[in-house]
> 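Okay, here's the structure, questions in a sec.
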Amino acid sequence: MSIMRWSRCMVMAVAAACLAALLGCGDEEITYPECSSFSKNGVSPVTDATTCREACVTAEGLAEVSGQLEDFKGSSGAGECSCIQASGGHRTICKDSSYTR
């Protein structure tokens, strides 16, 4: 095998490995800590928008973005807490297994 052909094969193999690592298998389910038992950096369980905000600030170290920070959905014991990031995305920090959209 010529050195050029070998080099191309190696580049393709590395590219394929990188793509597989970035995309994953696609079958993995993302799991989050339960909001009802959330505990990180002294933050108590997340049960509403106020405790969700506290978790974003104290547990995750985030700050408001354009006056927004937390996004709590659901209710106590059946909720989901996400923090709004500077990039405009959301980072889910906890989700109760009984939460449904």
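All values below come from the heavy atoms of this structure, side chains included, with hydrogens, waters and symmetry mates left out.
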> Check salt bridge (Lys or Arg N to Asp or Glu O under 4.0 Å) between Glu60 and all other residues, then give those that pass, not counting sequence neighbours.
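Only Lys40, Arg91 meet the salt bridge (Lys or Arg N to Asp or Glu O under 4.0 Å) criterion with Glu60.
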> Identify the two heavy atoms, one from Tyr99 and one from Ala78, that lie closest to each other, and give their separation to 0.1 Å.
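Looks like CD1-O, 3.3 Å.
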> Let me check something: do Val43 and Ile93 share a hydrophobic cluster, defined by ILVMFWY side-chain heavy atoms less than 4.5 Å apart, either directly or through other members?
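Val43 and Ile93: one cluster.
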> Does Asp48 use its side chain to pair, donor to acceptor, with the backbone of Thr51 at less than 3.5 Å?
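Checked: pair present.
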> For the CZ atom of Arg53 and the CG atom of Asp71, what is their distance to the nearest 0.5 Å?
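One gets 11.5 Å once the value is rounded to the nearest 0.5 Å.
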> Output the distance between atom OG (Ser75) and atom CD (Glu80), rounded to the nearest 0.5 Å.
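If I round to the nearest 0.5 Å, the distance is 12.5 Å.
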> What distance do Phe72 atom CZ and Ser82 atom OG have between them, rounded to the nearest 0.5 Å?
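The OG atom of Ser82 is 10.5 Å from CZ of Phe72, to the nearest 0.5 Å.
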> Indicate yes or no: at least one non-hydrogen side-chain atom of Val57 is less than 4.5 angstrom from one of Leu69.
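Side chain of Val57 against side chain of Leu69, heavy atoms only: contact under 4.5 Å found.
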> What's the spacing between Lys95 NZ and Ile30 CD1 if we round to 0.5 Å?
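These two atoms lie 9.0 Å from each other.
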> What do you reckon, Cys83 and Cys52 SGs under 2.5 Å?
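Answer is no, sulfur atoms not closer than 2.5 Å.
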> Hey, could you give me the SG/CD1 distance between Cys56 and Ile84, rounded to the nearest 0.5 Å?
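Reported value, rounded in 0.5 Å steps: 8.0 Å.
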> With respect to the side-chain SG atoms, do Cys35 and Cys94 come within less than 2.5 Å?
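Correct, these two cysteines form a disulfide.
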> Which pair of heavy atoms, one from Ser98 and one from Gly77, lies closest together, and at what distance?
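Minimum heavy-atom contact is OG-O, 2.7 Å.
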> How long is the gap from SG on Cys81 to NE2 on His90, to the nearest 0.5 Å?
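Cys81 SG to His90 NE2: 10.0 Å, rounded to 0.5 Å.
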> Would you check if there is a donor-acceptor pair between the side chains of Asn41 and Thr58 at a distance under 3.5 Å?
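The answer is no; no qualifying pair exists.
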